[in-house]
Amino acid sequence: MTLMLHVNAKGVDYDELRQLETPPATSSHVPIPHFRVVDLMRTTLGMYGHEIVAEHHGITEDGARYFGLLSLRSTYTGYEDTVGLRNSHDKSFPVGIGFGSRVFVCDNLAFLADTVIRRKHTTNLKRDLPGIIGEIIEPLALKREQQHRTIERYQRAMLTDQMADHAVLNMYRQGIINVQRIPDVLKEWEEPTFEEFQTERSAWRLFNAATFALTGRVIENANVTPRLHQVIDGVCEAVH
């Protein structure tokens, strides 16, 4: 798997992340080293019994913005649970933590939930960050079970083309996709690239058609796919 980022970003390994210089602190802004966010997440996940099996890290060319993905050991078939991380040194966005899934066959990535730590990078945040991350990770086991049930529900819900068309229009209305992406989602719905989605015209197939079209946007805009989940949840309710 590769971490899909925009053209101004590149993949790095953890050692390269540690070597990055963190800008000096000011009276109003105390940058948190990117690797420090990773270290805190590693420690906290382990403390609550979640095993990391793979890591992927990316930064913008100037090193100011960081995006990461930690893959967790999962017992499910076809996908794995993931934790997404974001951090910046240029005040472009606060520390962010997302939880979601990655589909093995196509690397489609989606977040079920995204938590933004809406506090300025100050000395207080640096002090409080371990506790804040602990509060986010503590209920993760329940979220993993919730995600598993959600995906099973998507796999069972069979859709008509009319239902799929209506859902894609809702994706556009909710700002999940722009007008240029509509044909991409519809094409992937009608003619899936991957064999796994070619047999049943399910909500899971439509969900992956959307995440396939969103490739490259998800890790940097983790709030997009929770809204996608809401649209697909609505379609599933209509089925039943």
Side-chain angles (χ1 to χ4, degrees), residues 4 50 69 71-72 74-84 96-116 136 139-240:
M4 301 300 293
H50 304 284
L69 193 67
S71 299
L72 307 181
S74 307
T75 58
Y76 318 125
T77 301
Y79 74 96
E80 67 183 2
D81 294 335
T82 59
V83 174
I97 299 170
F99 167 68
S101 62
R102 182 184 71 86
V103 178
F104 292 133
V105 69
C106 53
D107 272 354
N108 285 3
L109 179 65
F111 291 110
L112 180 71
D114 182 57
T115 301
V116 175
I136 294 171
L140 184 58
L142 294 176
K143 290 182 180 179
R144 295 182 73 171
E145 292 175 10
Q146 175 191 353
Q147 176 167 262
H148 183 52
R149 291 194 301 269
T150 295
I151 291 175
E152 285 187 324
R153 185 170 73 253
Y154 291 177
Q155 292 169 336
R156 292 193 303 266
M158 297 299 123
L159 308 182
T160 64
D161 285 340
Q162 183 178 10
M163 295 172 73
D165 288 347
H166 181 67
V168 173
L169 185 57
N170 275 343
M171 294 177 200
Y172 169 69
R173 287 172 173 161
Q174 296 297 323
I176 298 164
I177 58 174
N178 58 30
V179 67
Q180 289 82 14
R181 296 287 186 183
I182 292 176
D184 298 335
V185 178
L186 289 175
K187 183 178 186 301
E188 197 61 27
W189 160 256
E190 294 163 359
E191 302 174 6
T193 300
F194 299 95
E195 185 177 352
E196 179 173 320
F197 307 117
Q198 292 172 2
T199 53
E200 296 181 328
R201 302 174 80 81
S202 65
W204 182 234
R205 171 167 162 169
L206 180 59
F207 183 82
N208 278 279
T211 54
F212 185 81
L214 287 169
T215 297
R217 280 193 65 198
V218 174
I219 190 67
E220 298 174 67
N221 299 276
N223 65 334
V224 169
T225 47
R227 285 182 279 138
L228 174 61
H229 272 290
Q230 292 175 358
V231 170
I232 302 300
D233 287 343
V235 177
C236 291
E237 290 175 5
V239 170
H240 301 294

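In this chain, numbering begins with 1 at the start of the sequence shown.
Residues L140 and L72 meet the side-chain proximity criterion, which asks for heavy atoms closer than 4.5 Å. Residues M171 and I232 meet the side-chain proximity criterion, which asks for heavy atoms closer than 4.5 Å.
Applying the side-chain contact (heavy atoms from CB on, under 4.5 Å) criterion to D165, with sequence neighbours excluded, gives L186.
Smallest separation of non-hydrogen atoms from V231 and A167: CG1-O, 3.6 Å. The heavy-atom pair separating Q198 from P192 by the smallest distance is NE2-O, 3.1 Å. The minimum heavy-atom distance between S74 and R144, with the atom names listed, is OG-NH2, 3.4 Å. Taking both residues in full, the closest heavy atoms of E200 and R205 are given as O-CD, 3.3 Å, listed atom of the first, atom of the second, then distance. The two residues M158 and S202 have their closest heavy-atom pair at CE-CB, 3.5 Å. W189 and L159 make their closest contact through CH2-CB, 4.0 Å (heavy atoms, listed as atom of the first residue, atom of the second, distance).
Summarising the geometry, atom CD belonging to E196 is positioned 7.5 Å from atom CG belonging to N208; distances are rounded to the nearest 0.5 Å. Atom CG in N170 sits 11.0 Å away from atom CD in Q230 (nearest 0.5 Å). Once rounded to the nearest 0.5 Å, the distance linking CD of E191 with OG1 of T193 reads 9.0 Å. Atom CD of Q147 sits about 5.5 Å away from atom OH of Y79, to the nearest 0.5 Å. Within the model, atoms CG of L69 and OG1 of T82 stand 5.0 Å from one another, a figure rounded to the nearest 0.5 Å. Rounding to the nearest 0.5 Å gives a distance of 10.5 Å between CG of D161 and CG of L206.
For the salt bridge (Lys or Arg N to Asp or Glu O under 4.0 Å) condition, the pairs that include at least one residue of residues 224-233, sequence neighbours left out, are R153-D233. Among residues at least two apart or in separate chains, ring pair (Phe, Tyr, Trp, His ring centres under 6.0 Å) pairs with a member in residues 139-174 are Y76-H148, Y154-F207, Y154-H229.
Using a 4.0 Å cut-off between charged nitrogen and carboxylate oxygen, D81 and K143 do not count as a salt-bridge pair.
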